[in-house]
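Report on one structure; see the data block that follows.
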Amino acid sequence: MLDDFRIGHGIDVHRFAKERIKEKPLRLAGITLSENYSLVAHSDGDVILHAICDAILGACAEGDIGEYFSDTDQEYSGIDSTILLSKVLEVANAKKLKISNIDITLLAQVPKISPYRNEMIENLCGLLDLNSNYVNLKATTTERLGYIGREEGIACHCVVLMSSNG
Ligand code: CDP
Ligand code: ZN
């Protein structure tokens with residue numbers, strides 16, 4: 001039987017807090033960055049993991065993370081987004097869908113993520129159970145244009161290909 005291929009796309013945006021919040025260090029791709037920023041969010045604000053979750057749910061035709069994890073639910077207050085991702089992977093698993101490859105683009109004027117990129121990819125490979133040949137993480141500034149360029153917030157886009165041979 002031919003593989004059943006599904007493409008999914010996810011976007012997430014978070015605003016920077018006016019000042020760094022001690023209890024909310026910047027978390028991206030499941031790692032904590034030693035940077036002087038915090039993101040405003042009900043969860044830990046990990047835009048990369050949230051965009052990945054939405055891309056996976058998109059490929060599974062399962063809506064978005066807001067439908068699974070309400071941002072008014074106390075249970076998810078400050079939650080580590082790796083927990084959200086593992087629940088989304090369970091949804092995909094129940095549909096027998098596996099990630100073939102994933103491509104992620106962070107849009108951020110600040111901080112520069114190149115010093116963290118390898119660690120982030122390694123962490124994503126572990127979380128997604130993928131070889132690094134199938135995981136791409138890149139970043140771009142917006143050349144100081146718009147809300148990202150004004151350092152008001154950051155965004156992440158993600159595209160994922162999933163397949164099932166069952
Ligand atoms: O036009 P291009 O995206 O190449 O230029 P840029 O936005 O100035 O980004 C230059 C390089 O910096 C990119 O290739 C990214 O790898 C890196 N970068 C980063 O590490 N962290 C960011 N927040 C933005 C860009
Ligand atoms: Zn988010």
Side-chain angles (χ1 to χ4, degrees), residues 8-21 23-60 62-92 99 101-125 127-128 132-160:
H9 177 234
I11 297 181
D12 193 40
V13 177
H14 282 272
R15 174 190 290 275
F16 283 122
K18 285 200 166 52
E19 286 171 5
R20 184 174 190 276
I21 304 162
E23 309 71 48
K24 249 188 200 234
L26 188 61
R27 297 258 303 164
L28 291 173
I31 69 163
T32 302
L33 280 67
S34 50
E35 299 282 340
N36 231 2
Y37 302 98
S38 293
L39 291 168
V40 178
H42 186 64
S43 67
D44 64 2
D46 191 324
V47 275
I48 293 182
L49 294 191
H50 296 175
I52 293 173
C53 285
D54 268 357
I56 295 170
L57 290 173
C60 296
E62 286 289 336
D64 63 50
I65 48 170
E67 291 174 39
Y68 277 86
F69 315 106
S70 161
D71 65 3
T72 53
D73 192 332
Q74 272 311 107
E75 190 188 339
Y76 303 120
S77 174
I79 195 168
D80 177 342
S81 297
T82 60
I83 296 170
L84 306 183
L85 178 60
S86 65
K87 293 191 180 193
V88 165
L89 288 170
E90 280 172 23
V91 172
I99 298 176
N101 78 300
I102 187 161
D103 185 22
I104 303 153
T105 308
L106 183 78
L107 294 103
Q109 195 66 48
V110 286
K112 199 146 190 80
I113 62 143
S114 43
Y116 305 100
R117 200 171 152 265
N118 287 344
E119 193 188 339
M120 286 177 174
I121 290 174
E122 204 175 300
N123 198 46
L124 290 173
C125 288
L127 292 171
L128 300 168
S132 61
N133 259 336
Y134 300 96
V135 179
N136 192 57
L137 172 63
K138 56 199 179 307
T140 184
T141 67
T142 59
E143 302 289 349
R144 303 224 155 266
L145 292 167
Y147 69 93
I148 292 167
R150 290 190 298 270
E151 303 181 8
E152 292 168 8
I154 60 178
C156 186
H157 294 219
C158 176
V159 179
V160 67

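What you see is a predicted model, and the numbers here were worked out from it, not measured in a lab. Note that ligands are numbered from 1 as they come in the structure, with each ligand's atoms numbered from 1 the same way.
Listed by chain and residue number, nothing satisfies the salt bridge (charged side-chain N to carboxylate O under 4.0 Å, His left out) test with Arg15 (two or more places apart in sequence, or in another chain). Every residue two or more places apart in sequence or in another chain was checked for a side chain to side chain donor-acceptor pair (under 3.5 Å) with Thr141, and none qualifies.
Asp46 places no side-chain N or O within 3.5 Å of a backbone atom of Thr82 that could act as its donor or acceptor partner. Between the side chain of Ser38 and the backbone N or O of Lys24, at least one donor-acceptor pair lies under 3.5 Å. Looking at Asp64, its side chain never comes within 3.5 Å of a backbone N or O of Leu57 through a donor-acceptor pair. The backbone N or O of His157 lies less than 3.5 Å from no partner atom in the side chain of Thr105, so there is not a single donor-acceptor pair.
A 4.5 Å side-chain heavy-atom check between Cys158 and His9 finds every atom pair outside the cut-off.
In this structure, ligand 1 sits under 4.0 Å from heavy atoms belonging to Ala108, Pro111, Lys112, Ile113, Ser114, Ala139, Thr140, Thr141, Glu143.
A 6.0 Å sphere centred on CD of Glu67 holds more than 12 heavy atoms belonging to other residues, nucleotides or ligands.
Across all their heavy atoms, Arg144 and Gln109 have their closest contact at N-OE1, 2.9 Å.
Listed by chain and number, Asp12 OD2, His14 NE2, His50 ND1 are the protein N/O/S atoms closer than 2.8 Å to the Zn ion (ligand 2), with waters left out.
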